[in-house]
Amino acid sequence: QVQLVESGGGLVQAGGSLRLSCLASGRTFSSSAMAWFRQAPGKARDVVATINWSGSSTDYADSVKGRFTISRDNAKRTVYLQMNGLKPEDTAVYYCAADRTRGLRVADYKYWGQGTQVTVSS
């Protein structure tokens with residue numbers, strides 16, 4: 001089993017930055033693919049970024065390329081999402097997810113955190 005706990009969300013003005021963290025428990029973390037998803041009110045939950053087990057391969061949604069960076073520290077059992085140049089349209093609940101292989105869909109991930117709110121004001 002894997003348990004995920006997100007932190008780092010909050011309120012920030014447009015153009016600001018936040019770093020989200022996801023702490024994982026479970027002995028399989030170092031071999032798990034990880035992802036960040038987000039869900040705005042009334043919207044579907046969509047992928048933001050994914051990362052493979054070693055951190056050597058990453059993918060991003062077009063809407064966040066050049067602004068967000070996903071990374072992981074397996075020794076700390078943590079995956080991060082550094083968010084720069086935040087825009088009001090980035091406002092959403094952000095979720096950390098894990099599974100044995102990477103995917104782009106909600107259904108591709110077995111384990112999920114509780115979510116952390118990110119609000120970007122203009």
Side-chain angles (χ1 to χ4, degrees):
Q1 299 186 58
V2 177
Q3 288 186 311
L4 307 173
V5 180
E6 302 100 331
S7 62
L11 175 65
V12 65
Q13 293 193 75
S17 298
L18 285 173
R19 188 178 74 162
L20 306 183
S21 298
C22 175
L23 177 64
S25 63
R27 60 185 176 89
T28 62
F29 173 77
S30 63
S31 61
S32 295
M34 305 291 295
W36 287 96
F37 287 74
R38 66 186 181 185
Q39 186 168 25
K43 302 289 187 178
R45 187 176 300 184
D46 292 325
V47 68
V48 176
T50 67
I51 189 166
N52 72 340
W53 69 271
S54 68
S56 63
S57 178
T58 59
D59 287 292
Y60 299 91
D62 288 342
S63 60
V64 306
K65 284 182 178 177
R67 298 190 297 121
F68 291 10
T69 303
I70 187 171
S71 62
R72 67 191 297 165
D73 186 335
N74 288 343
K76 295 182 177 180
R77 298 175 293 124
T78 302
V79 62
Y80 304 96
L81 185 68
Q82 178 66 48
M83 304 185 294
N84 299 324
L86 284 162
K87 304 174 181 179
E89 51 262 46
D90 296 318
T91 295
V93 177
Y94 284 70
Y95 297 90
C96 179
D99 213 323
R100 295 178 65 184
T101 57
R102 281 199 292 174
L104 300 177
R105 304 173 302 162
V106 168
D108 292 328
Y109 293 88
K110 183 176 181 179
Y111 302 101
W112 292 85
Q114 82 287 353
T116 185
Q117 177 71 47
V118 172
T119 302
V120 184
S121 65
S122 59

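Computed over heavy atoms, backbone and side chain alike; hydrogens, waters and symmetry mates excluded.
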> So do the side chains of Arg102 and Ser57 get within less than 4.5 Å of each other, counting heavy atoms only?
Replying inline: yes

> Can you tell if the side chain of Tyr60 reaches within under 4.5 Å of the side chain of Arg67, non-hydrogen atoms only?
Replying inline: no

> Do the side chain of Thr50 and the main chain of Ala35 share a donor and acceptor less than 3.5 angstrom apart?
Replying inline: no

> Taking ILVMFWY side chains as joined if any heavy atoms are under 4.5 angstrom apart, and letting links pass through other members, which residues group with Leu104?
Replying inline: Phe37, Val47, Val93, Tyr95, Val106, Tyr109, Trp112

> What is the distance from atom OG of Ser32 to atom CD1 of Ile51, rounded to the nearest 0.5 Å?
Replying inline: 12.5 Å

> What are the two closest non-hydrogen atoms of Leu81 and Val48, and how far apart are they?
Replying inline: CD2-CG1, 4.3 Å

> What are the two closest heavy atoms between Asp99 and Asp108, and how far apart are they?
Replying inline: OD2-O, 2.7 Å

>> How long is the straight-line distance from CD1 of Ile70 back to CE of Met34, given to the nearest 0.5 Å?
In response: 7.5 Å

>> Working note: Arg38 + Asp90, criterion side-chain contact (heavy atoms from CB on, under 4.5 Å); need CA distance, chi angles, decisive distance, verdict.
In response: CA-CA 9 Å; Arg38 66 186 181 185; Asp90 296 318; 2.9 Å; yes

>> Which heavy atom of Lys76 sits nearest to which heavy atom of Leu23, and what is that distance?
In response: O-CD1, 3.6 Å

>> What's the separation between atom CG in Leu86 and atom OG in Ser121, rounded to the nearest 0.5 Å?
In response: 10.5 Å

> Which heavy-atom pair separates Ser17 from Asn84 by the least distance, and what is that distance?
Replying inline: OG-OD1, 2.9 Å

>> Side chains of Lys87 and Val120, heavy atoms from C-beta outward: is any pair under 4.5 Å?
In response: no

>> For the backbone of Arg77 and the side chain of Asn74, can you confirm whether one donor and one acceptor N or O come within less than 3.5 Å of each other?
In response: no

>> How close do Ser54 and Arg72 get, counting heavy atoms only, and between which atoms?
In response: C-CD, 4.3 Å

> When Tyr94 is tested against each of Gln117, Met83, Glu6 for side chain to side chain contact (heavy atoms under 4.5 Å, CB included), which residue passes?
Replying inline: Met83

> Closest approach of Ala24 and Leu4, non-hydrogen atoms and distance?
Replying inline: CB-CD2, 3.6 Å

>> With rounding to the nearest 0.5 angstrom, report the CZ to CZ distance, Arg105 to Arg45.
In response: 15.0 Å

> Which ILVMFWY residues are connected to Tyr80, directly or by a chain of links, through side-chain heavy atoms under 4.5 Å apart?
Replying inline: none

